[in-house]
Amino acid sequence: MILPREFYLRSVQVVAHDMLGKKLVHLVSEQRVGGIIVEAEAYDGELDLACHARVGKTERNKVMYSQGGHAYVYFTYGMHWMLNCVTGDVGYPSAVLIRAIVPTDGMNFISAQRPNIQEKQWCNGPAKLSKALAITGELNGCDLCNPDGVLFVEDGETISDDNVRITHRVGVQSTPEPWLSKPWRFVADLSRN
DNA sequence: TCTTCGATTGTCT
DNA sequence: GACAATCGAAGAA
């Protein structure tokens with residue numbers, strides 16, 4: 001049920017694409033909280049000028065250099081946590097940014113995390129889903145393949161390619177070409193399944 | 001509906 | 001000292 005290590009030991013673009021339809025789960029006090037992944041972006045190595053690893057290995061991004069299947073959780077804009085899944089082998093910094101999920105488990109918990117907000121807006125952004133699932137820096141570096149872990153990704157439904165939209169990455173303002181236009185963002189349209 | 005802007009702090013130069 | 005893989009409120013139209 002939990003995705004095996006091999007799933008992550010492939011090129012980051014393939015992993016980002018295949019991540020759609022899978023189920024992200026965070027165990028909070030033994031309660032399952034999570035949902036179906038519907039949007040992901042690939043960040044590929046030190047040459048990718050949109051990737052944190054463009055400046056080489058630092059204290060902040062060192063988890064990206066670990067083996068695929070680990071969680072890279074970082075803090076930005078003074079208030080937001082972002083969840084990534086590290087891909088590839090040890091030493092190659094690449095990761096998939098989880099940008100959106102459709103909540104399926106722990107709806108009560110999620111609604112409590114996102115008070116006064118419409119259900120559709122609960123998890124449709126990288127910082128939003130981290131807030132909704134109570135994902136913070138404490139989870140940075142944890143192993144997503146550990147069956148006894150609290151954060152993991154389970155196999156889910158397969159999304160047909162007809163229902164996958166591929167675009168350039170968003171939120172990376174000042175990234176120069178050709179990196180700005182790389183088609184490394186994958187969005188699933190579940191309504192057409 | 002669309003656009004602008006403030007929040008708020010860790011990290012890197 | 002600048003700025004960030006964002007969000008959501010507020011104001012304009």
What is the separation between atom [atom1] on [X] and atom [atom2] on [N], rounded to the nearest whole Å?
X: Phe75(A); N: dG10(B); atom1: CZ; atom2: P; value: 6 Å
X: Asn116(A); N: dC7(C); atom1: CG; atom2: C1'; value: 15 Å
X: Met82(A); N: dT9(B); atom1: CE; atom2: C1'; value: 14 Å
X: Tyr77(A); N: dC12(B); atom1: OH; atom2: P; value: 16 Å
X: Lys62(A); N: dT11(B); atom1: NZ; atom2: P; value: 10 Å
X: Trp81(A); N: dG10(B); atom1: CH2; atom2: C1'; value: 9 Å
X: Leu49(A); N: dA5(C); atom1: CG; atom2: C1'; value: 14 Å
X: Asn140(A); N: dG10(B); atom1: CG; atom2: P; value: 15 Å

Worksheet item: So, Lys22(A) and Glu154(A), do they make that salt bridge, N to O below 4.0 Å?
Response: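 Salt bridge between Lys22(A) and Glu154(A), a charged N being under 4.0 Å from a carboxylate O: no.
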Discussion item. Under 4.0 Å between a side-chain nitrogen and a carboxylate oxygen: does that hold for Lys23(A) and Asp155(A)?
Written reply: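 Salt bridge between Lys23(A) and Asp155(A), a charged N being under 4.0 Å from a carboxylate O: no.
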[X] near the nucleic acid: base, sugar-phosphate alone, or nothing, with a heavy-atom cut-off under 4.0 Å?
X: Ala127(A); answer: sugar-phosphate
X: Met79(A); answer: base
X: Arg185(A); answer: nothing
X: Thr175(A); answer: nothing

Please check the phosphate of [N] (OP1 and OP2 only) for any side-chain N or O of [X] closer than 4.0 Å.
X: His80(A); N: dC7(C); answer: no
X: Arg54(A); N: dC12(B); answer: no
X: Thr58(A); N: dC12(B); answer: yes
X: Arg99(A); N: dT6(C); answer: yes
X: Lys131(A); N: dT6(C); answer: no

Item to complete: Determine whether any donor atom in the side chain of Tyr74(A) lies under 3.5 Å from an acceptor atom in the base of dA5(C), or the reverse, and answer yes or no.
Response: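 Looking at the base of dA5(C), it does pair with a donor or acceptor on the side chain of Tyr74(A) (distance under 3.5 Å).
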Worksheet item: Taking the side chain of Arg60(A) as its heavy atoms from C-beta onward, which of dT6(C), dG8(C), dT11(B) lies nearest to it?
Response: dT11(B)
Fill in: Candidates dG8(C), dT6(C), dA5(C) - which lies nearest the side chain of Val172(A)
dA5(C)
Worksheet item: Does the side-chain ring of Tyr43(A) sit on the six-membered ring of the dA5(C) base, less than 5.5 Å centre to centre and under 30° in tilt?
Response: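 Whether judged by distance or by angle, Tyr43(A) passes, so it stacks on the base of dA5(C).
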Worksheet entry | Residue pair Asp18(A) / Tyr8(A), side-chain donor-acceptor N/O under 3.5 Å | no
Discussion item. Under a plain distance cut-off of 3.5 Å, with no hydrogens placed, do Lys128(A) and Asn124(A) share a side-chain donor-acceptor pair?
Written reply: yes
Discussion item. Both distances below 3.5 Å, Watson-Crick or wobble geometry, any strand: find the nucleotide opposite dC5(B).
Written reply: dG8(C)
Item to complete: Using the C1' atoms only, state how far dC5(B) lies from dC3(C), rounded to an integer number of Å.
Response: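 The same atom, C1', in both gives a distance of 16 Å.
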Worksheet item: So, do His52(A) and Tyr74(A) have ring centers that fall under 6.0 Å from each other?
Response: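 Yes, close enough.
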Fill in: Arg10(A) atom CZ, neighbour heavy-atom count above 12 within 6.0 Å
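Enclosed.
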Discussion item. Both Ser174(A) and Gly125(A) contact DNA chain C. Taking the nearest nucleotide for each, which residue is further toward the 5' end?
Written reply: Ser174(A)
